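This structure is a prediction, so every number in the text was calculated from the model and none was measured. Here is how names work: the chains are called A, B, and so on, in the same order as the sequence lines, proteins then strands, and each is numbered from 1.
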There are 4 protein chains.
Amino acid sequence: MGTLVADKTLGANGGGKRAPGRPRSEQARQSILHSTLKLLHDVGFAELSIEAIAADADVGKATVYRWWPHKAALVADAFLSSAELELQFPDTGSVRSDMKLQMKQLIRILRGRRGGIVAALIGGGQSDPELIKAFRERFVRPRRQEAYATLRRAIERGELPRNLDLDLTLDALYGPIYMRFLFRHDCLNARFVNEICDLVIDGLAMPSLGR
Amino acid sequence: MGTLVADKTLGANGGGKRAPGRPRSEQARQSILHSTLKLLHDVGFAELSIEAIAADADVGKATVYRWWPHKAALVADAFLSSAELELQFPDTGSVRSDMKLQMKQLIRILRGRRGGIVAALIGGGQSDPELIKAFRERFVRPRRQEAYATLRRAIERGELPRNLDLDLTLDALYGPIYMRFLFRHDCLNARFVNEICDLVIDGLAMPSLGR
Amino acid sequence: MGTLVADKTLGANGGGKRAPGRPRSEQARQSILHSTLKLLHDVGFAELSIEAIAADADVGKATVYRWWPHKAALVADAFLSSAELELQFPDTGSVRSDMKLQMKQLIRILRGRRGGIVAALIGGGQSDPELIKAFRERFVRPRRQEAYATLRRAIERGELPRNLDLDLTLDALYGPIYMRFLFRHDCLNARFVNEICDLVIDGLAMPSLGR
Amino acid sequence: MGTLVADKTLGANGGGKRAPGRPRSEQARQSILHSTLKLLHDVGFAELSIEAIAADADVGKATVYRWWPHKAALVADAFLSSAELELQFPDTGSVRSDMKLQMKQLIRILRGRRGGIVAALIGGGQSDPELIKAFRERFVRPRRQEAYATLRRAIERGELPRNLDLDLTLDALYGPIYMRFLFRHDCLNARFVNEICDLVIDGLAMPSLGR
DNA sequence: CAATAATCGAGACGGTACGTCACGTCTTCTT
DNA sequence: AAGAAGACGTGACGTACCGTCTCGATTATTG
């Protein structure tokens, strides 16, 4: 649903009308995204060539370039439109277990087949502001919105202090996960998640005595 | 200094002897490393080409290939031999301030001119295992060794519990920094460092009730 | 009027009737021919693209393809429908001056703005039999018919021998002009025309002694 | 021997020395020229693609582009270096037969396998000044030099007038041949050559009465 | 007055070739 | 033996046009 930067055809056409000319082929679009995911998994981001994607998708190279400005944008679209990433935020009645459950879902993705794609996205984004922005806005932000809700419920229940800095909290929770994911210096498992989560939530609960 | 994998000329020649033929040109080596850093900063890892490095360094392409097996190896060498990255670990008598000082040194580097190179290294490393390994072993690990010492001093002083998981602690402290650095979703300043540090150290001090 | 091969709409409809559906747009046709001439002059036959013609003429590409089978057909149509190439054959009472006048008209065209188009037509025709055929039949032949008349008048008057080979004569007169026009090795002026004309007509008048 | 415009390596190196770097591969050059001729004959100039030439010659596309600026230059080189075009100027003691023999050699080439290449050269030259210049200087001029000698011998022998315009004469002789060759409106045979030759030489011999 | 039918513009489609760039290897002469 | 220079075969790049194809809109004739 939509390309990286701004959808050219399917996007801001709320008015009604219809662009003139032959409409974009939805079939080609699907085929391209599918081939991208397939090849991305087979050869990785660096070795991925638009040439190969077009060939695999039985599509003209120009059709790829017509709709995506670079490989990065294409990969981002392919990834993000690939199963709306079954990440749910549970509501168990406890922040601790809510967050632990959610974080474990995340590391399952990161450690799975799609982890390489996330790494490619973040990695590619380091030399492509558009790409990291897309990753942030289309992958990170939606989940963060849900995480806000989880934290706010906890505040309502009195589990967390009223003046909590939500972003700080979430960075403290997820930062260590992404660090291990990207640096690969240590393992990324449920035990790690549990411990980070406890550490951070314990820290938040403190009446911040020594500051 | 040495290259990423194993130095070919300056390495295991401790005995004495001397290879026959013209010796390696130290000037060429310096020039190559310098040009690599310069271009890495300008265009990022992905766009960096050996062709351009050789041209910029006024050096034959073969001279680069003779001494470094990959672009990754060259970049790692260049980065790590660049100004021994003035990161010192202070000893103020308090973990809290020791770590805060150190973390502020780090964000000064990340936000400065060399930040682009670190980002390029981590980003490029996502599609190049050799590169992320070099970054980890030659940049992260040495500093981590010093951080261990800082934490152990705190344990000795009774500031932190004896059974502390050092790696977990350091990931909890540095993870949020790298996350903001890489995702660029929020600012990376002294206030953030202070708060993360307080949060984590407070959390560690808790008698871990709910676990 | 009409296309190269056979006109599809304006052709064999002499009877009366009328095709159903929307009639062909005369305005589009004119616009296409005009743009073709313009671009042909600017960039030559080889570099001429239907894409550019359609864009310049503010016309859909399909409208061009609907009415002309090749680029060659289009170019031939455009050229030949352009200003009916004001070449008249005078009748001064002398072959010599009749032909000189006519040949001077020709070199004025060749040296003028339309010369580039003639060159493009002949040049393009070397790799496109349809094009050279169109040039021959629609540009060369009509003028040759008139030239025959001029020569026949001269024969009647006794200026030229009765058994004259008309085509040979005309090739001897015009060949040198086209050679200089196409090879560009020497200038193409009135003096040259005069001398060629005298040379050939003198030669024709000879009682062919030495053969 | 040498490229169209100016030979880059083998050319103006009269001083002595040697360009640095790996020398140009003579084998690649030969292979490219050979494949060019072969494909030119098979598919014609318009359909000839550099891609196909490189593939046929087992050579990188870049190697072609390194040495020839366009298809035209390549074709010119290929043609002109293909057998130094066995065109000899005989010396029979009579202009008439000298020229007839030579002109018959020419039409044998034009009507043969290589005729298509000449047509492509002249045709392509109509939209490429460099190409027509190359054709003129490397194909036409050398033969014209020899033709001058033939004519001068005739003048010495008293067959032709002393004040003869050599270029005019040669254009009068060859122009009709090229016209028939390019326009293809009539046949190009020995009889035509004989008649043109007689016509022109007769014309030259006239004491130019009517001028 | 509708229905039918061929046109029009626009522009996306699967292709082919373009001319460029960098790859990593090689061949030459010079140091 | 290493140096620079730079040509080599390879292969992907991103672009330009090819000729074909859908679209909705327009403009005629026919029922």
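Between the side chain of C/R22 and the base of F/dT26, a donor-acceptor pair under 3.5 Å is found. Below the 3.5 angstrom threshold, one finds a donor paired with an acceptor across the side chain of C/K61 and the base of F/dG19.
The CD1-C1' distance, from D/I50 to E/dC18, rounds to 9 Å in whole Å. Rounded to whole Å, atom P of F/dG9 lies 11 Å from atom CZ of D/R24. A/H70 has its NE2 atom 17 Å from the C1' atom of F/dT15, to the nearest Å. What separates OH of A/Y65 from P of E/dG14 is a distance of 15 Å, to the nearest Å. The separation between D/L74 atom CG and E/dG19 atom P is 11 Å, rounded to whole Å. At whole-Å resolution of the value, CD in D/Q27 and P in F/dA7 are 17 Å apart. Between D/Q30 atom CD and F/dA7 atom P there is a gap of 18 Å when expressed in whole angstrom units. What separates CH2 of D/W68 from C1' of E/dT20 is a distance of 18 Å, to the nearest Å.
C/R24 forms a cation-pi arrangement with C/W67, by the criterion of a distance under 6.0 Å to the ring centre and an angle within 45° of the ring axis.
Where D/S49 and C/D58 each meet DNA chain E at their nearest nucleotide, the meeting point lying more 5' is that of C/D58. For D/E47 and D/P20, each mapped to the nucleotide of DNA chain E holding its nearest heavy atom, the one lying further toward the 5' end belongs to D/E47. In terms of position on DNA chain F, the residue among B/A57 and A/E51 whose nearest nucleotide sits closer to the 5' end is B/A57.
Atom CD of C/E47 is surrounded by 12 or fewer heavy atoms from other residues, nucleotides or ligands within 6.0 Å. Within a 6.0 Å radius of NE2 in C/H34, other residues, nucleotides and ligands contribute 12 heavy atoms or fewer.
Among the heavy atoms of the strands, none lies under 4.0 Å from A/A52. Note on C/A62: a base of the nucleic acid sits closer than 4.0 angstrom, heavy atoms only.
Between F/dG3 and B/R66, a contact under 4.0 Å exists linking OP1 or OP2 to a side-chain N or O. For E/dC8, the OP1/OP2 oxygens have a side-chain nitrogen or oxygen of C/W67 closer than 4.0 Å. For the OP1/OP2 pair of F/dA4 and a distance below 4.0 Å, the side-chain nitrogens and oxygens of B/T63 include at least one atom meeting the criterion.
Closest heavy-atom contact between D/A120 and D/F45: CB-CB, 3.3 Å.
With F/dA7, F/dC23, E/dT28 as the choices, the nucleotide that has an atom nearest any side-chain atom of D/P23 turns out to be E/dT28.
Remark: side-chain polar atoms of A/S127 are not paired, donor with acceptor, to backbone N or O of B/G44 under 3.5 angstrom.
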